[in-house]
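Before any comments, here is the structure.
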Amino acid sequence: MRSVRYVLGIETSCDETAAAVVDGMGRVLSSVVSSQVEVHGAYGGVVPEIAARRHLEAIDPVVTEACSRAKVALPDIGGIAVTRGPGLIGCLLVGTSTARALALAMDIPVVGVNHLEGHAVSGWIERPDLPYPALALVVSGGHTALWRIPAPGVYVQHARTRDDAAGEAFDKTAKMLGLPYPGGPALDELAERGNPQAFSFGEVRIKGEPAFSFSGYKTAVRALMHEHGIDPLPDPAAAPGPAMADLAASLRHAIVRELMRRTREAIGAERPRSLVVAGGVAANRLLRREATALADECGLALSIPSLAYCGDNAAMIALAGLPRLARGIDERESIDAEAALVLGGPEAERRSRRHL
Ligand code: KG4
Ligand code: ZN
C-alpha cells in the first residue's frame, strides 16, 4: 500500500464540471461543481456538443479552485481519479485527457472511475464507518439500479432499469407539464403541496429478474392530463394550479413507491447491514423520507448524502479512486473514456475480488 496524501478528483460525464481534493483518509477538503443547468435549460435537455465545449472552458479554473479551497498546491497532489464512464463521450474525454495531461506533467498516477461507483461510494463521504455488506440504490438522470456491496470496491448488481431511469421519468413528465428545467427538483417542489392520492398509477409489473421500469409514466401522465383537462403551463414561470400539484404529488408517490418496493425486496434477498440511497434523485424529499422509514423498519444503518453530494460531484470520484491509487494502480498510459461503461454483475465481482 502506498500512502497517497491528496487525491484530485475530476468529473465531467454530463453537465457538471467538477473537481475535488480528498486526503489519504478519504476526508473531503474541497468539492467544486460548475453547473451548466442554465446553458441547457433553453433547450430543455443537455446538448452534448455544448456540454463538451463548456467542460473545456471550465475544467482548468475548476481544478485550480478545488486546490485553492483545499489549500493544497497542485504539486502536492499524489494521484488523480477521473470519471471514465458512463456518460457523454465528448464530455468524458475532456476529463480523461485533462487528468492524463496533468498526471504526465506531474509524474503522478491516474485511475479511471465508473461514475456509478462514484454515486454508490458517496454514501461513505459523510459516513465513513457505514458497515458492509451494504445495499446501494443509485437513482440519477441516466441510471437507476441496486447494487450489493459486500466489501469496499465490490459491486454486484441486484437490479437495474430496463428502460428509463427514475430521474428521466421525473424530467420527461415535468417537461410535459411545462415545468422549468431540470424537471426533477421542480416536480418535487410542486408535489409537496399536492395530494398524492388524487390520481392513481398502477404498480409496474415485470417478469423474470428483479428490475425497474419507468417508461410507462409518460403515457400515464399524458392520459391523465387529457382526461382531467390539465393543460401544460404556458411558460415555465407560470404558477401551476391545484390539479397539477395533485398530479405531481401522485406521480412522485408512484415513482418513490416503485423504488422502495424493489429496495425492500433487495433487502430481503441480500440481507445487507446498511442502505445507501444516492444520485441526483436522492435529493427528492419524499424518497429521503421513505428511505429513512424503510431503513428504520429493517434496522439498517442508512446513508443518504447531503444535497451537495447527491448530484454529480468529484469528491465521490476521488473517494472511489483512492483505494486503487493506494494499491499502486496507474492507468496513465491506458486510460480511455467509455460512454456505456457498466458496473457490477457476477463477472465483475470475481474480477474485483482478485484486486482486493
Ligand atoms: O446524478 P445526477 O446529478 O446526474 C446524472 O448522473 O444523471 O442526477 C440528475 C437527475 C435529474 O434527472 C434531476 O431531475 C434529478 O436528478 N433530480 C431530482 C431531484 N433533484 C434532482 N429528481 C427528483 N427530485 C429531486 N428533488
Ligand atoms: Zn450522476
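In each ligand, atom 1 is the first atom listed, and ligand 1 is the first ligand listed. As a basis for the values below, the full set of heavy atoms in this structure was taken, side chains included, without hydrogen atoms, waters or symmetry mates. These numbers come from a predicted model, not from an experiment.
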For Arg252, state whether at least one heavy atom is located under 4.0 Å from any atom of ligand 1.
no

Can you tell me the protein heavy atom closest to atom 26 (N) of ligand 1 and the distance?
Asp188 OD2, 2.9 Å

Is it true that Arg252 and Glu192 have a side-chain N and a carboxylate O under 4.0 angstrom from each other?
yes

Give the residue, atom name and distance (to 0.1 Å) of the protein heavy atom nearest atom 21 (C) of ligand 1.
Gly280 O, 3.3 Å

Of all the non-hydrogen atoms in the protein, which one sits nearest to atom 15 (C) of ligand 1, and at what distance?
Val281 CG2, 3.9 Å

What protein N/O/S atoms are found closer than 2.8 Å to the Zn ion (ligand 2)?
His115 NE2, His119 NE2, Asp312 OD1

Would Glu65 and Arg69 pass as an ion pair if we require N to O under 4.0 Å?
yes

For Glu38, I'd like to know if atom CD has over 12 heavy atoms of other residues, nucleotides or ligands within 6.0 Å.
no

Note: heavy atom closest to atom 6 (O) of ligand 1, options Met316, Glu11, His115, belongs to His115

Answer with yes or no whether Gly142 contacts ligand 1, where contact means a heavy atom under 4.0 Å from a ligand atom.
yes

Between Tyr217 and Phe201, how do the two ring planes meet: parallel, tilted or perpendicular, split at 30° and 60°?
tilted

Would Glu331 and Arg84 pass as an ion pair if we require N to O under 4.0 Å?
no

Any nitrogen or oxygen of Gly183, main chain or side chain, under 3.5 Å from a nitrogen or oxygen of ligand 1?
no

So which heavy atom in the protein is nearest atom 22 (N) of ligand 1, and how far is it from that ligand atom?
Gly184 CA, 3.5 Å

Please write down residue, atom name and distance for the protein heavy atom closest to atom 11 (C) of ligand 1.
Asp171 OD2, 3.4 Å

Nearest to atom 10 (C) of ligand 1, what protein heavy atom do you find, and at what distance?
Gly141 N, 3.4 Å

Which word best sums up how the rings of Phe214 and Phe212 line up, parallel for under 30°, tilted for 30 to 60°, or perpendicular for over 60°?
parallel

What protein heavy atom is closest to atom 2 (P) of ligand 1, reported as residue, atom name and distance in Å?
Asp312 OD1, 3.5 Å

Sequence neighbours excluded, which residues qualify as salt bridge (charged side-chain N to carboxylate O under 4.0 Å, His left out) partners of Asp246?
none

Report the nearest protein non-hydrogen atom to atom 24 (N) of ligand 1: residue, atom name, distance rounded to 0.1 Å.
Asn284 ND2, 3.0 Å

